[in-house]
Amino acid sequence: MTFRSIFSLACCAAALLSPASAAPRPGDAKLRDDLDVAYNTWRLHLLRGNYDGWRATTSAYRQVKVRNLAVSEKRPFPASLFRQPMAPPALAPLMYVGSVVNGPTAAATYYGKVDLGLGQEPTDSNALVLLFTHENGKWKYDQARFFNLTRLPAVKERLKRGDASVLMEQDGFQPLGKIPAVPPVCPPPKYIAKILVDCPGRTVQANVNNISLHEFDNTRLAEVISGGLRDGTNSLTLNFSDSPNGKKAPYSWKCTSCRKSRATCPPGLFPTSSPPRRTPKAALC
């Protein structure tokens with residue numbers, strides 16, 4: 001599998017206030033140690049190809065998401081877990097800024113030259129945010145965000161100074177606040193498939209075959225369908241609501257299917273609408 005499943009790359013966006021229940025804890029030495037140990041142990045298991053160790057240190061939600069993605073792309077699992085173009089970065093060269101805790105979730109932010117193992121030295125300092133969930137009395141690693149701060153010089157300067165207050169003011173530095181429900185374990189697909197949603201100013205929840213659950217908020221994004229598509233009838237349910245982010249504009253959706261590999265994906269299994277006359281609740285193909 002590619003590292004995107006467990007290490008999502010993102011760019012910082014507009015500043016948003018986080019929920020009042022979240023709290024930055026830059027000086028909490030025990031919390032920092034606990035999160036550092038959780039990540040470094042997870043990282044060591046991944047680099048050594050230790051599947052049992054990876055499972056023991058990865059959140060329950062992320063375990064199924066990673067497994068489902070590999071199976072849905074017809075890649076061997078867990079073997080593909082350890083064949084990745086990027087490596088989980090080491091924390092030692094980075095400066096710890098602080099952590100934000102919200103319920104059973106936490107986000108730890110580091111600043112510096114983040115080395116993703118792509119064969120070249122990083123030339124600029126940016127932000128790395130590690131996300132964790134607290135399960136069975138332990139912090140477990142969930143995923144990470146990499147923030148390119150080129151267009152946010154003020155945020156970059158504050159992180160460089162170790163100003164942890166920015167973690168509450170800038171979108172992306174806070175944890176989720178709740179542990180996501182573990183998705184269903186999907187079957188191997190007949191056809192590899194993706195769902196593409198373009199929903200400016202809207203939140204779209206999609207359910208494909210009652211197996212693959214997706215949520216899109218004010219974005220244009222494609223995601224792999226867990227379990228892919230099958231011969232005969234496939235169900236698609238879409239629920240729309242207004243998003244507090246962005247300005248409303250025409251929206252659309254589409255699914256594409258790949259019969260043999262990810263490289264050959266003909267479009268058009270589902271209709272595209274921009275916008276429909278009324279909000280669709282379900283569709284069949």
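This chain uses plain numbering: 1 for the first residue, then up along the sequence.
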Same hydrophobic cluster for [X] and [Y], using side-chain heavy-atom links shorter than 4.5 Å among ILVMFWY?
X    : Y    : result
I179 : L35  : no
L128 : L46  : yes
F132 : V66  : yes
L69  : I211 : no

- Query: With a 3.5 Å cut-off and no angle check, do the side chains of D142 and S59 form a donor-acceptor pair?
  - Reply: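 Yes - a donor-acceptor pair under 3.5 Å links their side chains.
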- Consider only side-chain N and O atoms of S165 and R158, and report whether a donor and an acceptor are under 3.5 Å apart.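 Yes, a side-chain donor-acceptor pair sits under 3.5 Å.
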- Is the shortest side-chain N to carboxylate O distance from R32 to D28 below 4.0 Å? no
Roughly how far, to the nearest 0.5 Å, is the [atom2] atom of [Y] from the [atom1] atom of [X]?
X    : Y    : atom1 : atom2 : value
N68  : I225 : CG    : CD1   : 13.0 Å
F146 : L149 : CZ    : CG    : 8.0 Å
F240 : Y251 : CZ    : OH    : 4.5 Å

Any donor-acceptor pair under 3.5 Å from [X] side chain to [Y] backbone:
X    : Y    : result
S72  : G227 : yes
K74  : K190 : yes
E215 : T203 : no

- Within 6.0 Å of CZ in R55, more than 12 heavy atoms from elsewhere: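 No, the 6.0 Å shell around CZ holds no more than 12 heavy atoms from other groups.
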- Query: Counting only heavy atoms not in R220, do more than 12 sit closer than 6.0 Å to its CZ atom?
  - Reply: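 Open: at most 12 neighbouring heavy atoms sit under 6.0 Å from CZ of R220.
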- F77 and Y51: aromatic ring centres closer than 6.0 Å?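 Distance test on ring centres: under 6.0 Å, yes.
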- Item | Single hit among N218, D217, T219 for side chain to side chain donor-acceptor pair (under 3.5 Å) with S243 | D217
